[in-house]
Amino acid sequence: QVQLVASGGGLVQAGDSLRLSCAASGRAVNSYTMGWFRQAPGKEREFVAAIQWTGGTGGTAYANSVKGRFAISRDNAKNTVYLRMNSLKPEDTALYSCAGTTRGLSSSAYVYQYWGQGTQVTVSS
């Protein structure tokens, strides 16, 4: 019932910035918490960031590896969530996927009920 389409990935150099977008559509999409996860070849999927879809003070969460560099945000009018990535590092290289859940902020992938197919981010040295 929910469709998530991620875009904005690409090939960049270390230190560059990139903004990923996740367009959401479907039933009650404005009530979903949204998260970003990433997975590199040979690695397990890991949590990146999450944000409450509507309101909430302190309603964001970040992995330690991206704190201070990445920022998650949303534009409810466009039903879109964003991941602004600054000071990109080669270790940020991964397939980035957005996900949605009705359960609230979580860093656990199993909590997220809906997933997009992801967008590739590659950071060169």
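The CD atom of Glu91 sits 8.5 Å away from the OG atom of Ser125 when rounded to the nearest 0.5 Å. Distance check, rounded to the nearest 0.5 Å: CZ of Phe37 to CG of Leu95 gives 13.0 Å. Between the CH2 atom of Trp36 and the OH atom of Tyr62 there is a distance of 12.5 Å, given to the nearest 0.5 Å. Expressed to the nearest 0.5 Å, how far CD1 of Ile72 lies from CZ of Arg84 amounts to 14.5 Å. Remark: Glu46 CD to Gln39 CD distance equals 9.5 Å, nearest 0.5 Å. Summarising the geometry, atom OG belonging to Ser21 is positioned 15.0 Å from atom CZ belonging to Arg74; distances are rounded to the nearest 0.5 Å.
For Thr122 (side chain) and Thr93 (main-chain N/O), no donor-acceptor pair under 3.5 Å exists by modelled atom type. With hydrogens and angles disregarded, no donor-acceptor distance shorter than 3.5 Å links the side chain of Tyr32 to the backbone of Ala99.
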Step by step, work out the side-chain contact (heavy atoms from CB on, under 4.5 Å) result for Leu88 and Phe70.
CA-CA 9 Å; Leu88 283 163; Phe70 290 11; 3.9 Å; yes
Determine, step by step, whether Gln113 and Thr102 satisfy the side chain to side chain donor-acceptor pair (under 3.5 Å) criterion, reporting the C-alpha distance in whole Å, the side-chain angles of both residues, the deciding distance to 0.1 Å, and the verdict.
CA-CA 8 Å; Gln113 301 157 292; Thr102 60; 3.1 Å; yes
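Pairing each heavy atom of Ala61 with each of Phe47, the nearest pair is O-CZ, 3.6 Å. Between Ser65 and Arg38, the shortest heavy-atom distance links the atoms OG-NH2, 3.4 Å. In plain terms, the two heavy atoms of Gly35 and Tyr112 that are nearest each other are N-CE2, 3.7 Å. The two atoms that bring Thr119 and Gly9 nearest to each other are OG1-N, 3.0 Å, heavy atoms only. Considering every non-hydrogen atom in both Pro90 and Ala14, the closest pair reads CD-CB, 4.2 Å. When all heavy atoms of Ala23 and Thr80 are compared, the closest pair comes out as CA-OG1, 4.1 Å.
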Mind listing the side-chain donor-acceptor pairs of residues 103-111 below 3.5 Å, one per line with the distance, residues two or more places apart or on another chain?
residue : atom : partner : partner atom : Å
Ser106  : OG   : Ser108  : N            : 3.1

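Both Val12 and Leu20 are members of a single hydrophobic cluster when ILVMFWY side chains are connected at heavy-atom separations under 4.5 Å. The hydrophobic cluster containing Ile51 does not contain Trp115, counting ILVMFWY residues as joined when their side-chain heavy atoms lie under 4.5 angstrom apart, directly or transitively. Note: the hydrophobic cluster containing Tyr82 does not contain Met34 (ILVMFWY, side chain heavy atoms under 4.5 Å, direct or indirect links). One hydrophobic cluster, built from ILVMFWY side chains closer than 4.5 Å, holds both Leu83 and Tyr114.
The shortest distance between side-chain heavy atoms of Arg69 and Asp92 falls below 4.5 Å.
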